Amino acid sequence: GGVTVYCGLDAYLNPLHKDSDRNTEFASGTYSSAIGSCTAWFEPYVAPAIASAGAGGLANSWLGSALLPATLAYATVKGVGWYDWGNSGLNDLEMKINGLTS
């Protein structure tokens, strides 16, 4: 839900989007998030996997129970949903901001 709200606000308030393209931007952002989110299913299993590997102290810490799972989930969502690997690691907006496209 939160990502969809963000995509909507970005599509309608971001001055880099043309008025005629705002619905397309919203649909693109929402679709990318939806397909990428399907890859984050493993997030609740990271800390238990760390604990079963014999690193219970790490699994019970903030690093093992919050930061590492969230970072891994973000990497899969961003990598799968936002098409980073096909565009030199940049999505369409990042390429536009960096002057690589018009």
Side-chain angles (χ1 to χ4, degrees):
V3 174
T4 303
V5 170
Y6 171 80
C7 290
L9 290 172
D10 177 63
Y12 293 103
L13 299 177
N14 190 330
L16 294 176
H17 303 315
K18 297 176 186 172
D19 287 338
S20 60
D21 294 337
R22 294 193 188 277
N23 286 334
T24 303
E25 290 292 336
F26 174 69
S28 173
T30 303
Y31 176 73
S32 295
S33 295
I35 63 170
S37 295
C38 295
T39 66
W41 61 266
F42 64 86
E43 186 175 5
Y45 303 106
V46 173
I50 293 170
S52 69
L58 177 62
N60 291 326
S61 71
W62 173 78
L63 178 74
S65 66
L67 182 63
L68 184 60
T71 302
L72 292 172
Y74 174 80
T76 62
V77 170
K78 184 85 168 138
V80 172
W82 292 92
Y83 309 110
D84 280 355
W85 312 124
N87 291 324
S88 303
L90 302 174
N91 64 34
D92 293 341
L93 175 61
E94 292 164 338
M95 290 186 65
K96 185 175 182 179
I97 289 172
N98 287 290
L100 301 173
T101 61
S102 55

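The shown structure was predicted, so the numbers you read here are calculated from the model rather than taken from an experiment. Along the sequence shown, residues carry numbers from 1. Below, each value reflects all heavy atoms present in this structure, side chains not excepted, and no hydrogens, waters or symmetry copies.
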If every non-hydrogen atom of [X] is compared with every non-hydrogen atom of [Y], which pair is closest and at what distance?
{"X": "A47", "Y": "S65", "result": "CB-CA, 4.0 Å"}
{"X": "P44", "Y": "P48", "result": "O-CD, 3.4 Å"}
{"X": "S52", "Y": "A49", "result": "OG-O, 3.0 Å"}

Taking side chain to side chain contact (heavy atoms under 4.5 Å, CB included) as the definition, give me every residue that meets it alongside [X], ordered by chain and number, with sequence neighbours left out.
{"X": "F42", "result": "V46, L72, T76"}
{"X": "A51", "result": "A59"}
{"X": "W62", "result": "A66, L67"}

Identify whether Y31 and L9 are in the same connected component of the hydrophobic contact network (ILVMFWY, side-chain heavy atoms under 4.5 Å). no

Applying the 4.5 Å side-chain criterion to the ILVMFWY set and letting contacts propagate, would Y12 and V5 be lumped into a single cluster? no

Is there a donor-acceptor pair closer than 3.5 Å between any side-chain N or O of T30 and the backbone N or O of A27? no

Pair listing, salt bridge (charged side-chain N to carboxylate O under 4.0 Å, His left out) test, anchored in residues 13-26, at least two apart: D19-R22

Of all pairs that satisfy salt bridge (charged side-chain N to carboxylate O under 4.0 Å, His left out), the ones with a partner from residues 42-52, not counting sequence neighbours: none

Which residues pass the side chain to side chain donor-acceptor pair (under 3.5 Å) test with N14, sequence neighbours left out? D10

Please examine the side chains of L68 and I50, heavy atoms only from C-beta on, and report whether any two atoms are closer than 4.5 Å. yes

